[in-house]
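Take a look at the structure set out below.
Being a predicted model, the structure only gives us computed values, none of them experimental. Each ligand, and each atom within it, is numbered from 1 in the order the structure gives.
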Amino acid sequence: METRIVRLDNIETSATLIHEAAAMLREGSLVAFPTETVYGLGANALDANAVGRIFEAKGRPANNPIIVHIAEPESVRQVAVSWPENAEKLAHHFWPGPLTLVLLRSPALPPIVAAGGPTVAVRMPAHPVALTLIHAAGVPIAAPSANRSGEVSATTAEHVLKSLGGRIDMILDAGSTQVGLESTVLDLAQTPPRLLRPGHVSRAEIEKLIGPIAWSEVHGSAPTAALPSPGLLAKHYAPRTFTECINPPGLEIIRQRSQHGSRVGWLAFGEPAERIPGVVTVIMPQHPHDYAARLYAELHRLDAMGLDRIIVDWPPDNDEWLAVRDRLRRASAHD
Ligand code: TXA
Ligand code: MG
């Protein structure tokens with residue numbers, strides 16, 4: 001299959017092109033599109049065959065459910081039967097935006113979207129291309145991140161092409177995504193609500209609106225059975241290159257690892273005291289949002305260089321860095 005790449009750099013032609021993509025989605029095609037977090041791989045959520053093609057294209061395990069994307073909050077009704085007061089409060093405050101809510105699934109939604117489970121994850125993305133596309137398609141859009149299963153998510157159309165080229169019908173290219181990490185996933189089908197995946201919308205912001213929620217920061221490898229969310233597998237969002245986090249960060253380890261001609265890429269936390277010759281050094285921002293926005297692009301870039309090892313300075317241990325720590329832990333997990 002040839003993957004058509006459509007650049008949306010011209011305001012006059014963009015609307016027409018997005019409508020073409022929407023028609024393709026309605027007919028069962030797979031279209032990758034930008035959201036504010038990462039690129040998504042979209043299919044008509046009401047078409048079980050189309051959703052089945054997502055699992056094939058990504059090599060996604062059948063037990064991993066997919067987030068449904070909508071263009072207005074009212075569309076939740078098409079896919080979920082519950083809408084608790086907490087959902088109303090959170091959607092009112094954070095939608096459109098990087099917060100995914102897990103609700104009780106509607107019988108109208110093909111079970112494959114939910115991997116056969118009783119719930120469905122829903123979000124309304126804050127990206128004009130995504131919103132126009134979903135609205136024009138006229139159906140809810142199932143969309144996991146647009147990457148082969150287990151790989152680092154795509155924050156540019158080039159990343160999507162590299163990972164899924166030849167396996168999907170179209171990529172809508174609107175440049176780099178802003179947030180850079182996948183959405184926060186909050187399960188409202190349990191009491192108290194549980195944070196399944198940390199993201200840009202923080203635990204503190206959520207708790208300010210709805211009170212205490214359950215959460216646990218995974219340390220080390222998690223067991224793979226009975227996970228609340230299969231996307232929470234220990235190893236995920238991972239470069240092909242062996243990746244290691246160092247805590248506390250220190251020049252000595254970088255020096256050691258780069259001995260004997262070993263080619264090392266280093267995501268340094270801020271400007272290092274010293275540059276080490278031969279080490280590909282990336283100076284990462286020291287604000288969590290800026291760091292998140294750059295992380296995947298840097299991992300993709302270093303991964304493409306065929307290095308022996310990627311080393312990442314471990315970021316601070318406070319709540320602000322929860323989502324970044326979560327992704328780094330998975331990127332450097334070994335199975
Ligand atoms: O920012 C995002 O969320 C991006 C963009 C494209 O919207 N999407 C994304 O999808 O990251 P994906 O499939 O790569 O990750 C979705 C996560 C997975 O961990 C999955 O297991 C979990 O959400 N999930 C989906 N449906 C669920 C459900 N019904 N119950 C629990 N977890 C669910
Ligand atoms: Mg993903």
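- Ligand-side atoms of ligand 1 in range of H69: 5 (C), 6 (C), 7 (O), range being under 4.0 angstrom from any heavy atom.
- Near R60, meaning under 4.0 Å from one of its heavy atoms, ligand 1 places the atoms 13 (O).
- Between R275 and I283, the closest heavy-atom pair is NH2-CD1, 2.9 Å.
- Around the Mg ion (ligand 2), the protein N, O or S atoms found under 2.8 Å comprise S145 OG.
- In this view, Y291 satisfies the side-chain hydrogen bond (donor to acceptor under 3.5 Å, both in side chains) rule with no residue, not counting sequence neighbours.
- Ligand 1 places these atoms under 4.0 Å from at least one heavy atom of T37: 1 (O), 2 (C), 4 (C), 5 (C).
- Interface of G40 with ligand 1, defined as ligand atoms under 4.0 Å from a residue heavy atom, comprises 6 (C).
- Which parts of ligand 1 touch L196 is read off a 4.0 Å heavy-atom cut-off, strictly below it: atoms 31 (C), 32 (N).
- Closest heavy-atom approach to atom 3 (O) of ligand 1 among the candidates P125, S183, P65, P118: S183.
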Cut-off 3.5 Å, no hydrogens considered: what does the side-chain donor-acceptor table look like for residues 297-306, sequence neighbours left out?
{"residue": "E298", "atom": "OE1", "partner": "R301", "partner atom": "NE", "Å": "3.0"}
{"residue": "E298", "atom": "OE1", "partner": "R301", "partner atom": "NH2", "Å": "3.0"}
{"residue": "E298", "atom": "OE2", "partner": "R294", "partner atom": "NE", "Å": "3.3"}
{"residue": "E298", "atom": "OE2", "partner": "R294", "partner atom": "NH2", "Å": "3.0"}
{"residue": "H300", "atom": "NE2", "partner": "S153", "partner atom": "O", "Å": "2.8"}
{"residue": "D303", "atom": "OD1", "partner": "R240", "partner atom": "N", "Å": "3.2"}
{"residue": "D303", "atom": "OD1", "partner": "T241", "partner atom": "N", "Å": "2.9"}
{"residue": "D303", "atom": "OD1", "partner": "T241", "partner atom": "OG1", "Å": "2.5"}
{"residue": "D303", "atom": "OD2", "partner": "R240", "partner atom": "N", "Å": "2.9"}

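- With ligand atoms numbered from 1 in the order given, ligand 1 contributes 25 (C), 26 (N), 27 (C), 29 (N) to contacts under 4.0 Å with heavy atoms of A121.
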Side-chain donor/acceptor pairs under 3.5 Å, residues 44-55, sequence neighbours excluded:
{"residue": "N44", "atom": "OD1", "partner": "L46", "partner atom": "N", "Å": "2.8"}
{"residue": "D47", "atom": "OD1", "partner": "N49", "partner atom": "N", "Å": "3.0"}
{"residue": "D47", "atom": "OD1", "partner": "A50", "partner atom": "N", "Å": "3.1"}
{"residue": "R53", "atom": "NH1", "partner": "G28", "partner atom": "O", "Å": "3.1"}
{"residue": "R53", "atom": "NH1", "partner": "D169", "partner atom": "OD2", "Å": "3.4"}
{"residue": "R53", "atom": "NH2", "partner": "D169", "partner atom": "OD2", "Å": "3.3"}

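- Those atoms of ligand 1 that come under 4.0 Å of a heavy atom in N64, given as number and element, are 18 (C), 20 (C), 21 (O).
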